[in-house]
Amino acid sequence: MGNDPAVHWRLPSAPRGSSVRLSGRFWPTLRDAPADAEAISHKLMVRAGLVRQLASGLYSFLPFGLRSLQRVTAIIREEMDHIGAQEVQLPVMHPAEIWEATGRYGLDEQFALKDRGGREMVLGMTHEEIITWHAAREIRSYRDLPQSWYQFQTKLRDEPRPKSGILRVREFTMKDSYSLDVDEAGLDKSYDAHAAAYARIFDRCGLVWYMVESDVGMMGGMGAHEYMAPSTAGEDTIARAPSGSYSANVELAVSIAREPDFGATPAAYEAFATPGIGSIDDLSAFTGLAAARLAKSVVLVGDDGPVLAIVRGEHDVHEKKIAHLIGRHRPAQPDEIQEWFGAAPGSLGPIGVSRVRIIVDQTIITGHYVTGANRDGEHLRGVVFGRDFTGEVADIRTVLEGEGAPETGEPLILEPVIEIGNIFKLGTKYSIPLDAKYLSADGHEQPIVMGSYGIGPARVLAAAIEQSNDEAGIVWPKALAPFDVHMVLVGDAESPQAQFADTLFNELSDMGFAVLLDDRPGTKPGEKFVEAELLGCPIRVTIGKRTLPDGPLEVQVRRDRQAHDIPLEGAAQALHALWQGLR
RNA sequence: CGGGACGUAGCGCAGCCUGGUAGCGCAUCCGCUUUGGGAGCGGAGGGUCGCAGGUUCAAAUCCUGCCGUCCCGACCA
């Protein structure tokens, strides 16, 4: 500290990294995006010289892209350390036996290979097994708990369809952490600590994000949340209430359905002819009834045989929700449907069906419906659940935009999102099969209660770009930009402008700014400006003829592209003040 | 896994249908001019037309197979 005048100005946020003079550096930009790039973040990351593709789902980070990635990881590391987590590094390649122990060996997404001795190995998709394996050997007593261990490590997944640049890839770095606790109360504390850290991380990264309830998967689990950054490039959809009172992945979202006016319930159902009617839309038009008053019958084939799923016509059966009930399944083929129901898809219904498991969405238990008669060209009206047919009742439908939030009834918003992180209460799912136990205070062996927590740093970058860009390029949140200040030198190396730029470069760097000085000789000013806006650092400073001898210094804020004139005297401090006001 | 498209110079594309010397823009290199919003003029280099086989006197072009990449859907610990 001492008397160094720069210390007073040292920036308080994430490590700033070093400043760079651009001349001679590797920064390949492109005027055009690759033809196969679709997502905005994909196009901009390639054009701005941040990444390059090696093969499908495999990306290399170039120097400037790596700087941004390192800023994300620095923020994550700070916040993980802040909650007392300890950083480790686990191998990428694992013996297959460990994965066999938890029944996760041989998954389609798993890269597998043999070593020279013929030993089966896998490349890690994640590291629950490995953490648990170590915990089983090192944790003996409740006195050794709780623990939280984290790492930044490469994950490999043989994705069926890599897409959208770095959003869905086959190899990526993940921050994954794992909590080890004596009981569920301990897990809750670890879980909450991670949730708090995640909130700080995503706020600091400048993202718009939601924490939503997420599917715990078919293995049970004890609760899970996902962190979602809204973006049209996202592959997931969430349902949320505008007030924030409710938000969930549509995979498990529930809602209050709109109730149609059913009118009086008939004393009995009756058949009527529906020649050529095969879809809900047709049937709705034919009968003049809203789709919500029609029952949609969907036939699925699970491991235990055929299943008839029934939802209102306006709804769809949700793949994940039904999977919780019947496990792996596929849509039935038309010939199978003919065999089981004696009718084609389009005239199916629950009445008169035997030997087929019937699962009915909750919405169906009220009202009376038009259903298929299981005879081609014929439907039934006035069909009432409980009176005319039965089945298991469950929530198996998708949520529709505008339906009511479960607590408040507010109209739900459906929004596409990028999953940037998740937190998961594992419980003893891994500790029991891998025999990770501790001895409790009263002398009993107990399984360790675990949680796992992931963040994809590269997805954080892509989400930030998706959320913040304009026609000129990236508009980085200031925490993630590869540089804080992008200086454009207009003038050759011997000019007074160059000398002034050098002085300011050093002064800003000493203050803790990461500065990029575009001192490339022979590059036209216009090209420098265009490339600066493509790269998207928060502040651009132009040093040219107009700057000297009396100023002012020309400064552009990237986000609003507003020009600011700053007196030369005290320019560095003024820039610092400007920078602090940015987000 | 189902459906669709594409693969020609570093990037973006034309040429293919109707077979006959491989082109354009940008980028790169050299020279001159230029120097505050992707410069101008002149010159130059760079391509086994994804791979293999077939048809043909002759294949970027037609046929077959394979590989790669992207998009839609399915799938996604």
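Throughout, a chain's letter reflects where its sequence line sits, starting with A, and its residues are numbered from 1.
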Student: Output the single nucleotide from B:A77, B:A74, B:C75 whose closest atom is nearest the side chain of A:Y430.
Tutor: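 It is B:A77.
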Student: Rounded off to whole Å, could you give me the CG-to-P distance for the A:L300 and B:C75 pair?
Tutor: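 About 11 Å, once rounded to whole Å.
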Student: Roughly how many Å apart are B:U35 and B:U48, using the P atom of each and rounding to a whole number?
Tutor: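 Each nucleotide's P atom is 41 Å from the other's.
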Student: Taking the six-membered ring for Trp, are the ring centroids of A:F64 and A:F483 within less than 6.0 Å of each other?
Tutor: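 Centroid distance A:F64-A:F483: below 6.0 Å, so yes.
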Student: Please give, in whole Å, the distance from B:C75 C1' to A:I322 CD1?
Tutor: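 About 17 Å, once rounded to whole Å.
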Student: Given B:G36, is OP1 or OP2 found less than 4.0 Å from the side-chain N or O atoms of A:K545?
Tutor: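 Yes, such a contact exists.
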Student: Could you work out which one of B:U69, B:G25, B:A77 sits closest to the side chain of A:D32?
Tutor: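 Looking only at heavy atoms from C-beta outward on A:D32, the closest nucleotide is B:G25.
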Student: Would you please confirm or rule out a distance under 4.0 Å between OP1 or OP2 of B:C72 and any side-chain N or O of A:K163?
Tutor: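 Indeed, a polar side-chain atom of A:K163 lies that close.
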Student: Please determine if A:R119 and A:E97 form a salt bridge, counting it only when a charged side-chain N lies under 4.0 Å from a carboxylate O.
Tutor: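 Between A:E97 and A:R119 there is a salt bridge, with a charged N closer than 4.0 Å to a carboxylate O.
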Student: Out of B:A77, B:A74, B:U69, which nucleotide sits closest to the side chain of A:R161?
Tutor: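 Among B:A77, B:A74, B:U69, the one nearest the side chain of A:R161 is B:A74.
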Student: Please report the distance, rounded to the nearest Å, between CD in A:E251 and C1' in B:C75.
Tutor: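 The answer, rounded to whole Å, is 12 Å.
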Student: Sticking with atom P, work out how far B:A60 lies from B:C72, rounded to a whole angstrom.
Tutor: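 About 34 Å, rounded to a whole number of Å.
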Student: If pairing requires Watson-Crick or G-U wobble contacts with both distances under 3.5 Å, which nucleotide is the partner of B:G19?
Tutor: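 Pair assignment: B:G19 / none.
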Student: Distance check, P atoms only: B:G19 and B:G3, in whole angstrom units.
Tutor: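 Between the two P atoms, the distance is 31 Å.
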Student: Just how far, in rounded Å, is P of B:C1 from NE2 of A:H329?
Tutor: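 The distance from NE2 of A:H329 to P of B:C1 comes to 20 Å, rounded to the nearest Å.
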Student: Where the side chain of A:L30 is concerned, which of B:C70, B:G36, B:C11 is the nearest nucleotide?
Tutor: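 Given the options B:C70, B:G36, B:C11, the side chain of A:L30 is closest to B:C11.
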Student: A:R170 has an atom CZ; how far is it from atom P of B:U69, in whole Å?
Tutor: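 A:R170 atom CZ is separated from B:U69 atom P by 6 Å.
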Student: Any idea which of B:G38, B:A74, B:C72 is nearest the A:P160 side chain?
Tutor: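 Among the listed nucleotides, the one closest to the side chain of A:P160 is B:A74.
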Student: Output the single nucleotide from B:G38, B:U34, B:A74 whose closest atom is nearest the side chain of A:T29.
Tutor: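 Output: B:G38.
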Student: Tell me whether the side-chain N/O atoms of A:S56 come closer than 4.0 Å to OP1 or OP2 in B:C70.
Tutor: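 Indeed, a polar side-chain atom of A:S56 lies that close.
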Student: Which one is paired to B:G45, where only Watson-Crick or G-U wobble pairs with both distances under 3.5 angstrom count?
Tutor: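 No nucleotide pairs with B:G45.
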Student: Using the C1' atoms only, state how far B:C6 lies from B:G46, rounded to an integer number of Å.
Tutor: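 Per the computed distance, 24 Å lies between those C1' atoms.
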Student: Is the closest basic N to carboxylate O distance between A:K163 and A:E38 below 4.0 Å?
Tutor: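 A:E38 and A:K163: not salt-bridged.
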Student: Please give the nucleotide sitting opposite B:U61 as a Watson-Crick or G-U wobble pair, both distances under 3.5 Å, or none.
Tutor: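 Pairing partner: none.
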Student: Side chain of A:T542 only, please: which of B:G37, B:A77, B:G36 is the nearest?
Tutor: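 Shortest atom-to-atom distance from the side chain points to B:G36.
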Student: How many whole angstroms separate atom CG of A:D158 from atom C1' of B:C1?
Tutor: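 Spelled out: CG on A:D158 to C1' on B:C1 is 14 Å.
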Student: Is it the case that B:A27 (base atoms only) and A:R31 (side chain only) share a donor and an acceptor within less than 3.5 Å, ignoring hydrogens and angles?
Tutor: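 For A:R31, whose side chain was compared with the base of B:A27, there is no donor-acceptor pair (under 3.5 Å).
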Student: For B:G37, does the base pair up with any side-chain atom of A:E527 as donor and acceptor (N or O, under 3.5 Å, distance only)?
Tutor: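 Flag unset: no donor-acceptor pair detected.
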Student: Measure from OH on A:Y178 to C1' on B:A77 and round the result to the nearest Å.
Tutor: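 Going from OH in A:Y178 over to C1' in B:A77 covers 10 Å.
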Student: Which base, if any, makes a Watson-Crick or G-U wobble pair with B:C26, both distances under 3.5 Å?
Tutor: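 B:G10 is the nucleotide pairing with B:C26.
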Student: Tell me the interatomic distance from A:D565, atom CG, to B:G36, atom P, rounded to whole angstroms.
Tutor: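 Computing the A:D565:CG to B:G36:P distance gives 18 Å.
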Student: Do A:H127 and A:Q153 pair up side chain to side chain, a donor and an acceptor below 3.5 Å, judged on atom types alone?
Tutor: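 Short answer, no.
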Student: Quick one: does A:R561 reach the base of B:G37 with a side-chain donor-acceptor pair under 3.5 Å?
Tutor: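 It does not, because no donor-acceptor pair links the side chain of A:R561 to the base of B:G37 below 3.5 Å.
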Student: Does the structure show a Watson-Crick or G-U wobble partner for B:U56, both distances under 3.5 Å? Name it, or say none.
Tutor: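 The answer is none; no pair meets the criterion.
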Student: Of all the choices, B:C75, B:G36, B:G37, which nucleotide is nearest to the side chain of A:E319 once you look at every atom?
Tutor: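 Comparing B:C75, B:G36, B:G37 against the side chain of A:E319, the answer is B:C75.
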Student: What does A:Q53 touch in the nucleic acid at a heavy-atom separation under 4.0 angstrom: a base, only the sugar-phosphate, or nothing?
Tutor: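 Counting heavy atoms under 4.0 Å across all strands, the contact made by A:Q53 is with sugar-phosphate only.
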Student: Crowded around A:E184 CD? As in, over 12 foreign heavy atoms under 6.0 Å?
Tutor: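 Not buried by this count: 12 neighbours or fewer within 6.0 Å.
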Student: Salt bridge check, A:E531 against A:R520: does any charged N sit closer than 4.0 Å to a carboxylate O?
Tutor: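 Salt bridge flag = yes for A:E531 with A:R520.
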Student: Looking at B:A77, B:G37, B:C72, which one has an atom nearest to any side-chain atom of A:M174?
Tutor: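 Minimum distance to the A:M174 side chain belongs to B:A77.
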Student: Between A:K155 and A:E109, does at least one N-O distance fall below 4.0 Å, as a salt bridge requires?
Tutor: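 Salt bridge absent between A:K155 and A:E109.
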Student: Could you please name the option among B:A77, B:U35, B:G37 that lies closest to any side-chain atom of A:R540?
Tutor: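 The closest nucleotide is B:G37.
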Student: Decide if atom CG of A:D304 counts as having more than 12 heavy atoms of other residues, nucleotides or ligands within a radius under 6.0 Å.
Tutor: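 No, because the 6.0 Å sphere around CG of A:D304 holds 12 heavy atoms or fewer from other groups.
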Student: Check this one for me: any side-chain N or O of A:R546 less than 4.0 Å away from OP1 or OP2 of B:G36?
Tutor: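 False: A:R546 side-chain N/O out of range (4.0 Å or more) of B:G36 OP1/OP2.
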Student: According to the Watson-Crick and G-U wobble definitions, with both distances under 3.5 Å, which nucleotide is paired to B:A5?
Tutor: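 Because both required distances fall under 3.5 Å, B:A5 counts as paired with B:U69.
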Student: B:U18 and B:C62: how far apart are their P atoms, nearest whole angstrom?
Tutor: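 Nearest-Å result for B:U18 against B:C62 at atom P: 9 Å.
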